[in-house]
Amino acid sequence: MILEELNKAQKAAVTLESSHALVLAGAGSGKTKVLASRLAWLLDTNQVDISNVLAVTFTNKAAKEMISRVLRMVNIDTRRLWIGTFHSLCHRMLRIHCDDINLSRNFQIIDASDQLSLIKQLIKSNNINDLKYQPKDFQRFINSHKENGIRFISVNIQRNCNRNLLDFYKLYEDYCFKHDLVDFSELLLRCYELLKNNENLRARYNDKFSHILIDEFQDTNNLQYSWIDLLIGRKTFVFAVGDDDQSIYAFRGANVDNMSSFEKTYAKGSIIRLEQNYRSFGHILGAANSLIKHNKGRLGKTLWTDQGDGELIRVVENSNDVGEAHWIVEEIRNLIRNGTDAHKIAILYRSNMQSRVIEHALFSSNISYIVYGGLRFFERQEVKHALAYLRLIANPNDDNAWLRVVNFPSRGIGARTIENHLELAKSNNLSLRDSAKQVSGRGGISILSFSNLIDDLILNSTKLTLPELINYTIERSGLVSYYKSEKDLYERLENLKELITAATVFSIEEKCISIPASCSFSVNKHTEDEIISTPLLSFLSNSSLEANESLSGDHASSVQLMTVHASKGLEFKVVFITGAEEGLFPHENSILEDSGLEEERRLMYVAITRAEEKLYISMANSRMLRGQVRYSLSSRFLNEIDANHIQRYKFENIYKNNSSRLFKEKLNIDYNKPSKNNLAHTSGSTSSNKSSIVNDKLFLVGQSVNHNRFGDGIIVKLIGEGSSAQAQVNFQKYGMKTLALTIAKLEIKN
DNA sequence: TTTCTCTCTATTTTT
DNA sequence: TAGAGAGAAA
């Protein structure tokens with residue numbers, strides 16, 4: 001039954017015996033199916049006990065999907081299965097073995113935004129004023145080092161890294177160690193060190209896991225690879241699935257080379273390719289294949305389908321961003337009128353800011369839509385406030401949680417009082433809570449009463465279940481009355497109530513419903529499948545690790561809007577790829593280096609391969625960017641796609657009295673020469689000139705020009721007059737440059 | 001403490 | 001354009 005619905009290549013992968021394997025799974029080739037079938041097959045044929053499998057995914061969503069697919073094939077007790085994200089699996093190991101690595105049992109996980117606010121606080125309290133670096137730079141420095149397995153102590157100072165960044169790394173490390181805080185990269189690094197430095201333990205896990213399954217292997221970073229490496233024992237077989245052409249997260253440390261490293265070290269030339277695509281029609285795949293061929297150093301694969309060519313891809317030129325949005329709306333109306341479900345239509349864009357204009361157009365046409373990638377539930381301000389109170393219950397010495405809510409809702413504790421308090425705590429080497437009694441003055445009294453509030457919450461936590469405790473906490477802390485007080489904060493109040501619901505659901509799932517929130521499970525120490533925890537603690541960990549999808553509205557009848565990154569792994573009947581312009585897609589920050597450009601190309605590849613039946617790619621000759629009108633050439637990627645898969649269109653939009661009338665014309669046009677009459681329709685104005693005459697040449701904004709070194713480009717902006725006149729030019733190969741018109745020899749192209 | 005005003009900056013993002 | 005953060009005024 002498990003093998004019935006698989007094609008030959010899929011079956012070969014699923015039933016592979018006694019060896020490591022690298023499965024190159026193209027977009028839409030049934031990757032998830034193969035992974036789930038593999039696991040089900042191993043269990044069904046009794047080749048392995050469920051407790052001997054480790055399955056790693058990148059998102060919680062993917063893990064859930066995998067579990068539900070496996071359950072459809074075999075009946076198993078999933079609680080004994082080690083499945084989850086890298087972070088959740090490391091977390092699981094750390095909870096079991098925290099005693100072995102000097103980690104407190106109460107260690108708390110901090111998410112990216114907690115980490116950032118901690119960094120800001122440390123910058124302030126240590127009077128660090130290096131104007132060169134923003135808090136985010138410190139954060140990036142710390143995380144990227146951790147993700148390469150580098151602690152402060154092992155940073156090579158010879159490397160050209162700044163002393164201040166380095167010193168701060170130490171400061172941050174010390175603080176986290178002292179306060180039992182573990183950030184996301186620390187979860188991995190700690191767990192890596194646990195296995196690395198503890199031979200016996202490592203040997204036990206090497207024996208335990210006879211099969212390791214890894215999803216999205218192209219997205220692993222160096223530390224994740226090393227962690228897996230440590231888990232591979234003599235009798236362990238790794239089944240890694242990935243697609244180097246869909247690696248789009250190098251910017252956050254993912255290393256595609258892990259695929260070839262794995263292949264060389266373990267899989268030894270045995271690559272299984274899944275190339276039959278079940279998602280898209282031929283023209284769409286042809287376009288994707290012809291585009292991605294421009295990348296070098298691929299492991300190589302070509303997608304094919306037996307479903308026929310389908311429709312040509314429609315490449316559409318618009319005069320500006322507003323026009324593009326209106327054209328999309330018009331087209332979507334037609335599609336819906338002809339029977340396409342709205343939720344099977346996706347609008348993709350390179351950067352989030354592009355959604356605004358599109359949303360506006362959809363909204364005014366009464367087409368319902370959902371935007372993915374907004375604030376998630378557990379990242380919302382009010383939820384984080386409530387969680388800070390809960391963290392203080394779990395650990396009253398959590399200074400960050402203390403600082404977050406000591407004056408929220410406001411209790412008359414100002415910046416001055418807090419400064420005093422911090423100073424006092426630091427000089428006595430105490431936590432804020434332990435030094436609360438000593439704060440003097442009016443603020444001191446307020447702080448004392450806050451401290452009493454926390455004591456009261458802790459007292460009640462032993463009597464109440466988790467949902468009851470949360471309810472009590474948000475009432476007693478004043479959060480509820482604060483959010484009740486103003487009308488437009490109603491939604492935030494709802495979210496607080498939603499948190500109670502989340503805890504209720506969580507309690508049921510964890511089967512800990514009648515246990516008071518702060519009571520420990522009794523645990524056999526070092527039992528590998530048992531976790532030392534309390535309901536409150538595991539709820540808090542869970543809320544950091546599983547910051548679930550944002551609460552969005554009506555799924556079923558809404559058009560879906562998201563970035564190309566967010567679309568990875570999804571599929572839609574109809575896809576609109578918008579903003580196919582030089583500087584935007586490929587993004588100007590990425591085009592100067594080959595690796596950057598190749599990642600942009602893979603991103604376009606991902607976007608194209610989301611489409612099942614209909615694919616539109618649109619561009620606008622000009623768009624409003626950061627309050628200025630920006631002119632662009634069409635994306636080079638459009639020229640890299642084989643022309644026989646494409647049909648080009650051009651749309652002129654004219655607006656009168658706020659109502660839009662669309663005139664469509666089908667033309668064979670050269671996309672690198674925006675026609676001049678488009679300029680008349682661009683909205684917005686800038687303080688710069690629309691034209692400039694230098695050496696008898698008349699330069700216009702929006703004009704195509706050629707420079708002897710930089711090649712072809714388009715004039716984006718003209719600044720100044722006469723001999724000091726400058727032109728800002730967006731060059732196809734070199735990005736944005738500002739040139740003096742009297743010096744630079746710019747040729748006007750017709 | 002809160003609110004207003006000015007300045008700065010600007011991909012992609014899961015855990 | 002729009003949001004965040006800092007600093008000054010109320």
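Lettering follows sequence order; numbering is per chain, from 1. Because the structure is a prediction, the values reported are computed rather than measured.
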* To do: Kindly say whether A:D243 contributes a backbone atom to a donor-acceptor pair with the side chain of A:Q218 at under 3.5 angstrom?
  => yes
* Asked: Starting at CD of A:E598 and ending at C1' of B:dT12, how long is that distance when rounded to a whole Å?
  -> 17 Å
* Asked: At under 4.0 Å between heavy atoms, what does A:F184 touch on the DNA or RNA strands: base, sugar-phosphate, or nothing?
  -> base
* **Centroid-centroid under 6.0 Å between A:F408 and A:Y482 rings** => yes
* Send over the distance from A:K64 NZ to B:dT14 P, rounded to a whole Å. => 14 Å
* Asked: Can a cation-pi geometry be assigned to A:R190 and A:F107, taking NZ or CZ under 6.0 Å from the six-membered ring centre and within 45° of the ring axis?
  -> no
Tabulated below should be each protein N or O lying under 3.5 Å from an N or O of nucleotides 3-6 of chain B; please produce it.
none

* Nucleotide of B:dT15, B:dT2, B:dT14 approaching A:N407 most closely (side-chain heavy atoms) -> B:dT2
* Asked: If you check every side-chain atom of A:S410, which of B:dT2, B:dT12, B:dT15 has the closest atom?
  -> B:dT2
* To do: Look at the rings of A:F168 and A:Y172 and say which category their plane angle falls in: under 30° parallel, 30 to 60° tilted, over 60° perpendicular.
  => parallel
* To do: Take the protein atom CG of A:N143 and the nucleotide atom C1' of B:dT13, then report the distance between them rounded to whole Å.
  => 12 Å
Taking only nitrogen or oxygen atoms into account, show me every contact under 3.5 Å that the protein makes with nucleotides 2-5 of chain C, one pair per line with its distance.
from, atom 1, to, atom 2, distance (Å)
C:dG5, OP1, A:K120, NZ, 3.2

* Within this structure, what is the CD-to-C1' distance between A:Q115 and B:dT13, rounded to whole angstrom? -> 14 Å
* Residue whose closest nucleotide on DNA chain B lies nearer the 5' end, A:A112 versus A:E599 -> A:E599
* **Near-parallel close stack of A:Y249 and B:dT14 base (under 5.5 Å, under 30°)** => no
* Run the salt bridge (Lys or Arg N to Asp or Glu O under 4.0 Å) check on A:E147 and A:R140 step by step: do they pass? -> CA-CA 10 Å; A:E147 278 159 17; A:R140 209 169 306 132; over 6 Å; no
* Asked: Between A:E379 and A:K384, is there a salt bridge with N-O shorter than 4.0 Å?
  -> no
* To do: Rounded to the nearest angstrom, tell me the gap between atom CG in A:D183 and atom C1' in B:dT14.
  => 14 Å
* A:Y169-A:F138 aromatic ring centre distance below 6.0 Å -> no
* Asked: Should the heavy atoms of other residues, nucleotides or ligands under 6.0 Å from CZ of A:F251 be counted, would the total exceed 12?
  -> yes
* **Interatomic distance where CE belongs to A:M562 and C1' belongs to B:dT13 [whole Å]** => 15 Å
* Asked: Rounded to the nearest Å, what distance is computed from the NE2 atom of residue A:H87 to the C1' atom of nucleotide B:dT14?
  -> 8 Å
* Look at A:S544 and B:dT15 and indicate whether a side-chain polar atom (N or O) is within less than 4.0 Å of OP1 or OP2. => no
* Asked: A:N60 side chain N/O closer than 4.0 Å to the phosphate oxygens (OP1, OP2) of B:dT15?
  -> yes
* To do: Please say whether the positively charged group of A:R252, taken as NZ for Lys or CZ for Arg, lies over the ring of A:Y249, i.e. under 6.0 angstrom from the six-membered ring centre and within 45 degrees of the axis.
  => yes
* Inspect the surroundings of CG in A:N126 and state if more than 12 heavy atoms from other residues, nucleotides or ligands are less than 6.0 Å away. => yes
Please produce a list of atom pairs where a protein N or O lies less than 3.5 Å from an N or O of nucleotides 8-11 of chain B.
from, atom 1, to, atom 2, distance (Å)
B:dT11, O4', A:H587, NE2, 3.2
B:dT11, O2, A:R350, NH1, 2.8
B:dT11, O2, A:R350, NH2, 2.6

* **Gap between atoms CZ and P, on A:R140 and B:dT13 respectively (whole Å)** => 15 Å
* To do: Look at the side chain of A:T563 and decide which nucleotide, out of B:dT15, B:dT12, C:dT1, has an atom nearest to it.
  => B:dT12
* **Step-by-step salt bridge (Lys or Arg N to Asp or Glu O under 4.0 Å) determination, A:R630 to A:E588** => CA-CA 13 Å; A:R630 158 91 79 100; A:E588 58 191 341; 3.1 Å; yes
* Asked: Should the pair A:D114-A:R391 be classified as a salt bridge under the 4.0 Å nitrogen-to-oxygen rule?
  -> yes
